[in-house]
J.: 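Take this structure, written in structure tokens, and hold onto it; I'll ask about it next.
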Amino acid sequence: MKHVFGVQVGPVTFRIGSAWRKPITQLQALYRDYPKDGGVPDFTVRLAPLRPWRRWIRPAVAIGGDFVIPDAAPLPLDQGLLAAEMGMNLQMALGQRRFLLLHAAAVERDGCAIVLTGESGAGKSTLAALLQGRGWRLMADEFVLLDPMTGLIHPFPRPVSLKNDSIDVVARALPHSEWGPLISDTPKGTIRHLVPQAHAVAGAKSPARPRLLLFPRFCAAPDQRVVGAGEAFVRLTQASTNYVVLGERGFLALTRLVSDVTRVAIDYPDADTAAAMIEGLW
Amino acid sequence: MMDATRYRAPQASDLSMVDLDELVAIFHRASGITHLVASPVPELLIALSGRWLTLDGIEQEFELVDGNRAGLASIMDELVAAGLIERRA
């Protein structure tokens, strides 16, 4: 590819190749403080035009790589950074075998982790980002990596993908943060990537023992309830992209996780309330 | 006279069972499928592990004196459909 960027995020290395310079420049800025990787990567992403002339005329970025979804719609070049991030997610979702992947966020304190999971739009990314300002280290957004051998959560601190109103909420709460460009008119509205705080990137090789499994939901009336191990297990099998592929390793890792942690669903109207609830559970 | 229908569960070594509060998660190694079940299913699977039993035999095993035969047959049908129990007429 004409333009190439290699990076290491936690235990995973990526190489992103692009027919255009702009997405690579944006990646270099977003991942400025991450370890660079020029070796053989775990996963490769390619951003290329559907037809050669579409590099210049109405340029559209098709996401390629080791693992692809056939017939995925290309994105406009303005959303090239988003295409790169989606490509990296796709490689993990379809190709990761070493870890059980949970669609979740995670934060750490004192060597122990909170795993925040829930459906898209539940506010887990926003909450994880905001907890950074309250003494927590961001371990992951989007994918939590659970090691089936040890039961530990391994950091995968990619930039946090924030959407619409939550962008301003987090920007006000964390005024000195680094951000990627504002990406408008995506299928999910406006998206902006928040660079994790320095200690999250620096601590990307420090795993943590999961202690609390949280099912947060952004909601006007604060509430909390204990979630049974069986319900938590089912919800996490649904939140995992590679549970089936991992077979019994995934089964044992997940049953162990839900058995070992405190499991609570919380409804929170704002970060202060959520943080107070979490302190009460910690 | 027709033989009674018999049922058999996989050997214990073919299943991985983990208690999750009031439920039991089961990984069936032969199919790679995960099941989440409640009592009396785990007890039935243990009782039928690697041996054929009729409904009479199951009732005796569990000392089911009231004999809700239709309920038991229905559970066995569900387990057959789930692939956790074999049935032989």
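Below, chains carry the letters A, B, ... as their sequence lines are ordered, and counting in each starts from 1.
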J.: Hey, are R211(A) and E108(A) close enough for a salt bridge, meaning a charged N less than 4.0 Å from a carboxylate O?
T.: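 Result for this pair is no, no salt bridge flagged.
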J.: With a 4.0 Å cut-off on N to O distance, would you call E142(A) and K124(A) a salt bridge?
T.: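 Looking at E142(A) and K124(A), the cut-off is not met.
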J.: Indicate yes or no: does D42(A) engage R98(A) in a salt bridge with an N to O separation below 4.0 Å.
T.: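 No salt bridge links D42(A) with R98(A).
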J.: Looking at R69(B) and D56(B), does any basic side-chain N land under 4.0 Å from a carboxylate oxygen?
T.: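 Here R69(B) pairs with D56(B) in a salt bridge, since their nearest N and O are under 4.0 Å apart.
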J.: With rounding to the nearest 0.5 angstrom, report the CE to CG distance, M86(A) to N89(A).
T.: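 If I round to the nearest 0.5 Å, the distance is 8.0 Å.
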J.: How would you list, in number order, the residues of residues 21-29 of chain B that have a heavy atom less than 4.5 Å from chain A?
T.: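 Under the 4.5 Å heavy-atom cut-off, D21(B), L23(B), A25(B), I26(B), F27(B), R29(B) qualify.
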J.: Given that the side chain runs from C-beta out, which part of V244(A) has a heavy atom under 4.5 Å from chain B: side chain, backbone, both or neither?
T.: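 For V244(A), there is no contact with chain B at all, as no heavy atom is under 4.5 Å.
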J.: Tell me, for L254(A) versus chain B, whether the close heavy atoms (under 4.5 Å) come from the side chain, the backbone, both or neither.
T.: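 The answer is neither part of L254(A).
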J.: Can you sort out the partners of H35(B) under side-chain hydrogen bond (donor to acceptor under 3.5 Å, both in side chains), two or more places apart, ordered by chain and number?
T.: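 Counting only residues at least two positions away or on another chain, H35(B) forms no side-chain hydrogen bond (donor to acceptor under 3.5 Å, both in side chains).
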J.: Salt bridge check: are D272(A) and R134(A) linked by an N-O gap of less than 4.0 Å?
T.: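 Yes, this pair counts.
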